[in-house]
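Below you'll find the structure, written out as structure tokens, and then a few comments.
All chains are named by letter (A, B, ...) in the order of the sequence lines, taking the proteins before the strands, and each is independently numbered beginning at 1.
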Amino acid sequence: MHDDRYIQLAHGNGGRRMRELIASLFVRHFGDSLNTQRDAAPLPDISGDLMITTDSFTVNPLEFPGGNIGSLAVHGTLNDLAVAGAEPRYLTVNALIEEGFEIARLDRLIASLGDTAREAGVAIVAGDTKVVARGEGGGLYLVTTGIGTRVPRLNLGLEHIEPGDRLLVSGPIGDHGIAVMLAREQFGLSGSLTSDAACVLPLTRALHALPGLRFMRDPTRGGLATVTHEIREATGYGMSLEESAVPVRAPVKAVCEMLGYDPYYLACEGRVVAVVSEQDAEKALALWRALPQGADAAIIGTIDHKTGPVVLTTSLGGQRVLDELEDDPLPRIC
Amino acid sequence: MDEARRWLERIRALPIPPRFRIMNVCGGHERTISMAGLRSLLPAGIELIPGPGCPVCVCPEEDIFQAIRLALDEKVTLVAFGDMLRVPVNGPRSEPRSLEEARAAGADVRPVASPMEAVRIARDTPGRETVFFAAGFETTMAPVAAMLAEGVPENLSILLSGRKTWPAVAMLLADGQKPGQQPGFDALIAPGHVSTIMGPEEWRFVPGQYGLPTAVAGFQNASLLAAIYSALRQAQSGRIFLDNCYANVAHPGGNPQAQALLDQVMTVGDANWRGIGTIAGSGFALQPAYGAQDARRRFPDCSDPQRRRAGEMPPGCACAQVVLGQIYPNQCPLYGRACQPRHPIGPCMVSDEGACRIWWATGVREPVSPESVSSVESP
Ligand code: SF4
């Protein structure tokens, strides 16, 4: 009994069904760069310092306002290269599909993946699919590797950060975290909030020419607070943040208030946190604000001159420490 | 935020008594206070005391023990609010001492964020017993009652551990009237979400019977500061009443529909609070008509009456005193030393609504000796 609308274990057995699935679905959406007749792909036209990153993607639900696991996988991988100061060029994609997954849905998600890669100008050069037995996977997992080249003369890293440097964020925080949570519908809440998932290349490219650019990171899992702790851990310096400067959209604030979440720990998928020298901070801000993606960018804090915690001055003028994330944030039950 | 600032200015313009202790009884309030750094902004003399506001912290040890036993039953999927998973019970290291440890040992334990998810899990696995460990205050019990009233899959049962908030405050106030005793606070901020369901009137006894200024507040800075202002003004003017600084949400009479569902599904009786003891009229239980859904009836072996006497706070943990507002979290000798969120000893360091956890997470690092109550280090 085979129902052609759903993925079956045979789609992963190396035989006819698998070949047909790859040809009719993956190759169709990924384009000519994917040559399925080779066991390994050459990377043409690439020179300079190569940079590589790898990531795996699980998200529940697989489709959410503003994106889906396919677009997220591309954005997430390219963004990791972008914030490291690289220009992404090539991508590989592995798909782990659960038996019983609807093929029409797979087609939609993989089409979105292909489109997203094309828009960003990267070629998908290699891939693999596996089918796991029903109950052994969350529908669809994607594993990606991104390859890019380092932008010449750009040397970014936590080790370049100095006291007095400024912290910038390219847009409102927490949109992705809350949008995905609302899409899960566990709280009977719904809203019009869209994930910020996007390719951050325009944002990172805009700052390449600034001599005072020290370090960039995309605040994904663990959010802005986690990036500040990575900086603190690596540099030993404390940090002061201004709550009133940190952009947070009203619906994100409202949901956080209702459920007891802290927006500083919520994931973003299309924002950049940058550390820039004091002299260049205003320039960086202007460059970002000139972009549609950076319209709400802000300078949110300063690297301290001494060791210490990440201190947030609240909008009322009080102070609190932004502690390192311990467990996954939970909604309040009281 | 401007509104909050205005309330703050108004508070600063008031004459402040040398010591004015305002208790809150909601983990959400304590979070807002700590996260906004309100303690550092208020005039000296005003103390904000976290009181019995953490349902996870007062959930009896024997209930958690039952949940662990159920989880270790191969035929059972145990679902619980995420906060409950790490709460420790007392026991030998060789046995799972929390739901999380039970899960690591192979038990099917799943964190949920709402009763709807528990129903969904039961529905998705027909033929397999799902037990929903429902611990919480009125705000949690109301949706649990609604869920049961609507009808749940046959394979779903409830391990109920629900508590009412006001009886704990009534107990503190009654104890405070005993010879040589004091209630330990001068004013009360009443919980906004509980009042939204049960009605603000539940708190009338605090100003009426005990003459303490009381104001209902929500979770926003402005609402909390308005309540603090109200309490100070009441004390100053001598006109003590129940104020409502959350009036746009907590309406007079509360939510009659939710109350009707609670009455339909649950009864109220005396109940044990971890480390504190039995508080009269403070616990929810299932009405006989819903007995078929009672996990304690469906799995009578999950409880161990022998343990009931052992069911207290872990040795050395001062959580009970913290919950009752008798000491600040950092006055516990273990705070920040043996007990941190990474390796919590008591439930107050586990739950996001526990005062110890909130204080640690918002930056209170200095332990304070129990003797120096008057110079408490605040976040
Ligand atoms: S610091 Fe830890 S041991 Fe002390 S009262 Fe709080 S939870 Fe208990």
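Few gaps surround CZ on B:R128; more than 12 heavy atoms of other groups in view lie less than 6.0 Å from it. Residue A:E162 qualifies as enclosed at atom CD: its count of foreign heavy atoms under 6.0 Å is above 12.
Under a 3.5 Å cut-off, the side chain of A:R320 and the backbone N or O of B:A361 do not form any donor-acceptor pair.
Taking 4.0 Å as the cut-off between side-chain N and carboxylate O, A:D323 and B:R357 do not count as a salt-bridged pair.
Residues B:F219 and A:E257 approach most closely at CD1-O, 4.3 Å, considering heavy atoms. Closest heavy-atom contact between A:T314 and B:M35: CG2-O, 3.2 Å. Residues A:G318 and B:S40 share a closest heavy-atom pair of CA-OG, 3.9 Å.
Expressed to the nearest 0.5 Å, how far CZ of B:R342 lies from CD of A:E324 amounts to 6.0 Å. To the nearest 0.5 Å, the span separating CG on B:L41 from CD on A:Q319 amounts to 9.0 Å.
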**Asked** Do B:L225 and A:L316 pass the side-chain contact (heavy atoms from CB on, under 4.5 Å) test, and can you show the C-alpha distance, the side-chain angles, and the key distance before you say yes or no?
**Response** CA-CA 11 Å; B:L225 285 165; A:L316 273 172; 3.8 Å; yes
